[in-house]
Student: 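Below are the structure tokens for one structure; questions will follow.
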Amino acid sequence: MHKRVLILGVAVDNILIDDGIAAVARFIAEGGPHHVVTVNPEFVMEARRNSAFRRVLAAADLATPDGVGLLLAAHWCRTPLRGRVTGVALTERISAEAARRGWSLFLLGAAPGVAERAAAALQRTNPALRIVGCYAGSPHPADEPAIRERILAARPDVLLVAYGHPAQDLWIARNQPILRVPVAIGVGGTFDELAGVVPRPPAVIERLGLKWLYRLIIQPWRWRRIMTAAPIFLWTVFREGCAFDALHTE
């Protein structure tokens with residue numbers, strides 16, 4: 001059993017990366033469809049004003065804590081999270097497990113060519129990794145039939161979708177009833193980092209929880225998003241609080 005923390009009404013599972021991998025393995029063994037969301041402060045703030053996104057997050061089979069702001073908020077409310085499970089870390093660990101267990105991956109999203117570069121990076125680390133498809137596509141509903149055809153033909157065990165929030169998780173929620181992929185995960189900017197399109201922060205920056213500051217320095221045009229994900233989010237949590245809800249797992 002582990003706990004589920006409610007932060008501003010958005011549920012986050014109190015797990016570590018090993019718990020996340022165990023859940024993914026269980027989902028694959030069960031068969032599809034399952035939806036994993038990697039919740040960060042921007043997700044929480046978006047869910048406050050976007051009811052459709054809020055419902056998708058609430059219905060997710062697993063919600064990992066992605067973002068140091070969530071840890072700070074939960075600690076402030078005396079309901080501490082055990083650690084972070086980011087989209088990048090989850091993707092890298094799933095790829096390692098996939099190479100070992102024979103799972104197949106499909107990478108969808110990001111700019112043209114980026115998914116292929118991300119796939120190549122993952123396969124350099126895990127030569128036995130089986131990637132059955134890479135496609136940029138678009139989150140626009142008009143493009144969904146053609147994308148579904150590709151994925152249905154490839155029959156992946158894990159579908160990684162990098163359209164950014166909320167588009168990627170709304171896309172998964174619309175299409176999983178047809179695709180029925182065992183595990184579909186919205187991974188945000190993960191492909192960009194793996195492909196080297198966006199520089200990865202030094203390990204010490206990650207450990208200190210200062211990735212937001214690193215991003216602000218190298219991508220100053222994102223200051224509005226970073227402000228939402230850091231001070232505005234924390235101020236809102238301090239003002240409104242959060243709560244615990246029990247979640248039973250095997």
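Start at 1 with the first residue, then count along the sequence.
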Student: How long is the gap from NE2 on His35 to CG on Leu57, to the nearest 0.5 Å?
Tutor: 8.0 Å

Student: Which heavy atom in Thr236 sits nearest to a heavy atom in Met45, and how many Å separate them?
Tutor: OG1-CE, 3.8 Å

Student: Looking at every non-hydrogen atom in both residues, tell me the closest pair between Arg155 and Leu152 and how far apart they are.
Tutor: CG-O, 3.1 Å

Student: Using 30° and 60° as the class boundaries, would you call the ring planes of His165 and Phe43 parallel, tilted or perpendicular?
Tutor: parallel

Student: Does the Arg150 side chain pair with the main chain of Ala146, one donor and one acceptor, at a distance under 3.5 Å?
Tutor: no

Student: May I ask whether Ile172 and Val187 are part of the same hydrophobic cluster, defined by side-chain heavy atoms of I, L, V, M, F, W, Y residues being less than 4.5 angstrom apart, directly or through others?
Tutor: no

Student: Kindly work out whether a path of hydrophobic side-chain contacts (I/L/V/M/F/W/Y, heavy atoms less than 4.5 Å apart) joins Val158 to Leu122.
Tutor: yes

Student: As an exercise, state the distance from CZ of Arg174 to CG of Asp169, rounded to the nearest 0.5 Å.
Tutor: 11.0 Å

Student: Is the shortest side-chain heavy-atom distance between Phe27 and Val36 below 4.5 Å?
Tutor: yes

Student: Would you check if Pro156 and Leu105 make a side-chain contact, meaning some heavy-atom pair closer than 4.5 Å?
Tutor: no

Student: Which heavy atom of Pro41 sits nearest to which heavy atom of Gly67, and what is that distance?
Tutor: CD-CA, 4.2 Å

Student: Do you know the tightest heavy-atom contact between Ile147 and Gly137?
Tutor: CD1-CA, 4.2 Å

Student: Would you indicate whether the side-chain heavy atoms of Leu170 and Tyr163 approach each other to under 4.5 Å?
Tutor: no

Student: Can you pull out every ring pair (Phe, Tyr, Trp, His ring centres under 6.0 Å) where at least one residue sits in residues 94-146? Sequence neighbours excluded, please.
Tutor: none

Student: Can you check whether Val44 reaches Val237 side chain to side chain, under 4.5 Å on heavy atoms?
Tutor: no

Student: Between the side chain of Asp13 and the main-chain N/O of Thr64, is any donor-acceptor distance below 3.5 Å?
Tutor: no

Student: Would you compute the distance between atom CZ of Arg54 and atom CZ of Arg49 and round it to the nearest 0.5 angstrom?
Tutor: 11.5 Å

Student: Would you indicate whether the side-chain heavy atoms of Leu160 and Thr190 approach each other to under 4.5 Å?
Tutor: no

Student: Do you know which two heavy atoms are closest between Cys134 and Ala115, and how far apart they sit?
Tutor: SG-O, 3.9 Å

Student: Report whether Leu8 and Leu70 are members of the same hydrophobic cluster (ILVMFWY, side-chain heavy atoms less than 4.5 Å apart, transitive linking).
Tutor: yes

Student: Are Phe238 and Val10 linked, directly or through intermediate hydrophobic residues, by side-chain heavy-atom contacts shorter than 4.5 Å (ILVMFWY only)?
Tutor: yes

Student: Looking only at heavy atoms, which two atoms of Ala136 and Leu108 are closest? And how far apart?
Tutor: O-CD1, 4.0 Å

Student: Can you tell me if Asn126 and Ser95 form a side-chain donor-acceptor pair at under 3.5 Å?
Tutor: no

Student: Using the side chain to side chain donor-acceptor pair (under 3.5 Å) criterion, which residues pair with Arg101? Sequence neighbours excluded.
Tutor: Glu97

Student: Any non-hydrogen side-chain atom of Arg82 less than 4.5 Å from a side-chain atom of Asp19?
Tutor: yes

Student: Taking the side chain as everything from C-beta on, heavy atoms only, tell me whether Leu194 gets closer than 4.5 Å to Glu92.
Tutor: yes

Student: For residues 175-186, please give each side-chain donor-acceptor pair under 3.5 Å, one per line with the distance, not counting sequence neighbours.
Tutor:
unit_1: Asn175; atom_1: OD1; unit_2: Arg148; atom_2: NH1; d: 2.8
unit_1: Asn175; atom_1: ND2; unit_2: Glu144; atom_2: OE1; d: 3.4
unit_1: Asn175; atom_1: ND2; unit_2: Trp171; atom_2: O; d: 2.8
unit_1: Gln176; atom_1: OE1; unit_2: Arg180; atom_2: N; d: 3.3
unit_1: Gln176; atom_1: OE1; unit_2: Val181; atom_2: N; d: 3.0
unit_1: Gln176; atom_1: NE2; unit_2: His34; atom_2: O; d: 3.0
unit_1: Gln176; atom_1: NE2; unit_2: Val181; atom_2: O; d: 2.9
unit_1: Arg180; atom_1: NH2; unit_2: Gly32; atom_2: O; d: 3.2

Student: Under a 4.5 Å side-chain heavy-atom rule over Ile, Leu, Val, Met, Phe, Trp and Tyr, are Val114 and Ile151 clustered together?
Tutor: no

Student: Mark yes or no for whether Ser104, through its side chain, and Asp157, through its backbone, hold a donor-acceptor pair below 3.5 Å.
Tutor: yes

Student: Are the side chains of Phe233 and Ile7 in touch, meaning some heavy atoms are under 4.5 Å apart?
Tutor: yes

